[in-house]
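What you see is a predicted model; the values in this text were computed from it and never measured. Residue numbering restarts at 1 for every chain, and letters A, B, ... go by the order of the sequence lines.
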There are 2 protein chains.
Amino acid sequence: MAQSRRRLAEQLRARIAAGEFADKGKLPTEDQLIEEYGATRYAVRNAIALLAEAGDVFPVRGSGVFVREDRGDGDYLSIGTTRGISGEYPGRKVSSVVYELSLLRADETLSRRMHCQEGDQVWKVVRLRLVDDEPLAYETAWYLKEFVPFINEQIAEGSLFGYARNDLGLNFGYVDKVIRAGELNAVEAKALGLKKGQPALYLDDDSFLTNGRLFNSSHIAYHYRNARFFTMTSMK
Amino acid sequence: MAQSRRRLAEQLRARIAAGEFADKGKLPTEDQLIEEYGATRYAVRNAIALLAEAGDVFPVRGSGVFVREDRGDGDYLSIGTTRGISGEYPGRKVSSVVYELSLLRADETLSRRMHCQEGDQVWKVVRLRLVDDEPLAYETAWYLKEFVPFINEQIAEGSLFGYARNDLGLNFGYVDKVIRAGELNAVEAKALGLKKGQPALYLDDDSFLTNGRLFNSSHIAYHYRNARFFTMTSMK
DNA sequence: GAGTGGTCTAGACCACGCA
DNA sequence: GCGTGGTCTAGACCACTCG
C-alpha cells in the first residue's frame, strides 16, 4: 500500500482541482477529513503539509486550510520541485535536439564537479530543449556511469530524468541549484535563436541520490523570454 | 519557552558549525540525541527536519544523518529562505540609497497587484541596495499602509524586513517568487553602474502574512555579476 | 542481524481567529 | 468561548544500510 499521507494528498489535490472547495475557499477541517477518510490525524496533517509545501494550500491556525486559487496562473517552471522539464509541461510537446552524447573519463576539473575520482567514466549530454518547438534551454549535463550505465541518442531525446527514475530505479534525494543571470556565449545563442551577449538565466543543478551520492550535474542556459521560474517559500 | 524543536535545531546547528561532527561526518543517532537532550523523538526528528530543510544536513534511512560540508561555499543569496538582504549578508555592510519614498493611493493596476481595493493607501519605496558599497540590486517595493502604518527615510535606509517583523510585529507566512532574466532598462542600469540592455536577474516577490493577506510586493533587478542565488530542494 | 531513520497510532494540551 | 490548526507525548512497527 502506498503511504497514506501521499494517497490522501493526491485525493485532496484532485478535489481542489475539481473546484470542490471553491465556495468556501478552504478545505474541510482536520477533524472532518479524519472522519471522511477514516484516517488518523497524522496522515491528514502530513497530506496537508505536502500540499502546503507545493503551495497549493496554506493553513492558518484558528481559521482553516485555505486553497490558493491565485497562485501561478502563468507559464512557469518550478524551482521548488524537480521533475524534469518534461514534467513541467504536461500535455505539451517537449522535445530535444542532441548536440553531443559521449562517454568520457573525468579529468581533474570534472572529477571535482562530479565528486568522483579522476578517470571515472562520465556521460556528457548536450541538448537543446524545446517546448512546442520553441527553444527553451541549452543544457550541458554529466551523468556518472556508475549510476547510469547506458544512454543512447533515443534516450537522450526523451526525458533522462524519467529514464533514471523509472527505468533505472534511481532514488533521488535532493538537488542543489545555483541561479544567476549572464550573457549568452556564441554557441548557446545560436542554438536558442538569440544573439551573443543577450541575457540568459543560468541554472546549475547538482542532483543527489537518497544515499547522498551525486549522480548528475547540469549547466543550463535558459532562453530569457521563454523561461521564467516560480517558487514559494514558507516562513514557518 | 521557545519551541523545543527550534531550540534543539539551533543547538545542533551550533555544534555543526563548531565542527563537532567533522570526524564521522554525521550527527549522533536519534536515540543518542534523545538521551543527550532529554528530548522526545518528536522534538529530535523535527529539529533534524528543520536542518534538512535548510540543507545543512541530509538523513539517510538505515545509515544516519549526514552533515553537508560541501554546501554553498560561495557568496550566494538564498531563495529557499527569506530574511531580507541584510539577513543574507551577516557581518557585512548592507546599505541602501533611497530613490523614492511616497504614500500613494492604489490605481486599478496596483490594486490588483497588491490584492487591495482601488484607493487604498500604499507605500512605494524605491531603493538601490548595496553590500560593502557594491551595488547589488535596484528594488521597487510596495507596502500596504494597513499593515505598515509608517515609513520614513531612515527606516527605508535600513532593513524594512526587520522593521516589519521586529518593530511592527508582523508574522510572515510565505513568499511567492518569480524569477527571470531580462535586459536592464536605463534607470536600473544607471543605478547599478551597468549599461542599458545588459542582463539582469529579475525577482518579483509577493509576501504574505500568516493570515494569508499580502502586505508587500517587490520588483527587484539584481546586478548580474554581483548576485547569484542558491537553493536546495528535497525530493522526499 | 543489528542499527538506523521513516511511518504511523492514539491520544493530550496549547495558541490563535473569529464571532 | 468555541473551533481551528500547532505542538507535543509515548509508544509500535516498518524499510533500509551495512558489516
Side-chain angles (χ1 to χ4, degrees), chain A residues 1-9 12 21 24-53 56-68 147 169-174 208-213 234-236, chain B residues 1-9 12 21 24-53 56-68 147 169-174 208-213 234-236:
Chain A
M1 173 165 80
Q3 296 167 35
S4 58
R5 49 189 244 217
R6 278 178 214 285
R7 264 188 301 120
L8 224 175
L12 288 175
F21 311 121
K24 294 199 171 179
K26 53 182 180 175
L27 264 49
T29 68
E30 291 184 351
D31 286 344
Q32 286 170 337
L33 289 173
I34 288 169
E35 189 157 2
E36 278 186 46
Y37 288 96
T40 63
R41 198 177 177 210
Y42 176 90
V44 167
R45 281 184 60 75
N46 268 282
I48 292 171
L50 288 175
L51 298 179
E53 235 174 275
D56 295 323
V57 108
F58 71 94
V60 177
R61 171 162 15 185
S63 188
V65 178
F66 293 83
V67 175
R68 298 209 49 198
F147 300 116
L170 296 179
N171 293 315
F172 303 140
Y174 55 95
F208 298 82
L209 302 174
T210 44
N211 63 10
R213 292 288 309 278
S234 166
M235 310 199 58
K236 282 259 174 59
Chain B
M1 175 162 79
Q3 296 166 33
S4 58
R5 51 189 242 219
R6 277 178 214 284
R7 264 186 303 120
L8 224 176
L12 289 175
F21 311 122
K24 295 200 171 178
K26 52 182 180 174
L27 264 49
T29 67
E30 291 184 351
D31 286 346
Q32 286 170 335
L33 289 173
I34 288 169
E35 188 158 2
E36 278 185 45
Y37 288 96
T40 64
R41 197 176 180 214
Y42 176 90
V44 168
R45 281 184 59 74
N46 268 282
I48 291 171
L50 288 175
L51 297 180
E53 235 175 275
D56 295 323
V57 108
F58 71 94
V60 177
R61 166 157 26 179
S63 188
V65 179
F66 293 83
V67 176
R68 297 209 49 199
F147 301 116
L170 295 180
N171 293 315
F172 303 140
Y174 54 95
F208 298 83
L209 303 174
T210 43
N211 63 11
R213 291 287 311 275
S234 166
M235 310 199 60
K236 281 257 174 59

(request) Tell me, yes or no, whether the heavy-atom count around A/Gln32 atom CD, taken from other residues, nucleotides or ligands under 6.0 Å, exceeds 12. (result) yes
(message) Looking at D/dG3, I'd like to know if its phosphate oxygens (OP1 or OP2) sit under 4.0 Å from a side-chain N or O belonging to A/Thr29.
(response) no
(message) Could you check whether A/Arg7 makes a cation-pi contact with A/Tyr37, meaning its NZ or CZ is under 6.0 Å from the centre of the six-membered ring and within 45° of the ring axis?
(response) no
(message) How many whole angstroms separate atom CG of B/Asp31 from atom P of C/dA2?
(response) 16 Å
(request) Give the rounded distance in Å between these two atoms: NZ of A/Lys26 and P of D/dT4. (result) 8 Å
Ignoring hydrogens and angles, write down the donor-acceptor pairs under 3.5 Å from the side chains of residues 59-66 of chain A, residues two or more places apart or on other chains.
none

(request) Find the distance B/Glu30:CD to C/dG5:P and express it as a whole number of Å. (result) 5 Å
(request) Could you state the atom-to-atom distance from CG of B/Leu27 to P of C/dG5 in whole Å? (result) 9 Å
(message) Expressed as a whole number of angstroms, how long is the span from B/Ile48:CD1 to C/dG6:C1'?
(response) 12 Å
(message) Using a 4.0 Å heavy-atom cut-off to protein, can you give one letter per nucleotide of nucleotides 10-19 of chain C, 5' to 3': B if the base is in contact, S if only the sugar-phosphate is, - if neither?
(response) --B--BBSS-
(message) Using OP1 and OP2 only, check whether a side-chain N or O of A/Arg45 sits under 4.0 Å from D/dG5.
(response) no
(request) Could you state the atom-to-atom distance from CE of A/Met235 to P of D/dG6 in whole Å? (result) 16 Å
(message) How many whole angstroms separate atom CG of B/Asn46 from atom C1' of D/dC8?
(response) 9 Å
(request) Any chance you could measure A/Leu8, atom CG, to A/Leu33, atom CG, to the nearest 0.5 Å? (result) 7.0 Å
(request) Send over the distance from B/Ile34 CD1 to C/dG3 P, rounded to a whole Å. (result) 15 Å
(message) Before we go on, tell me: are the rings of A/Tyr174 and B/Phe58 under 6.0 Å apart, centre to centre?
(response) yes
(message) I need the A/Arg5 CZ to A/Ile48 CD1 distance, nearest 0.5 Å.
(response) 13.0 Å
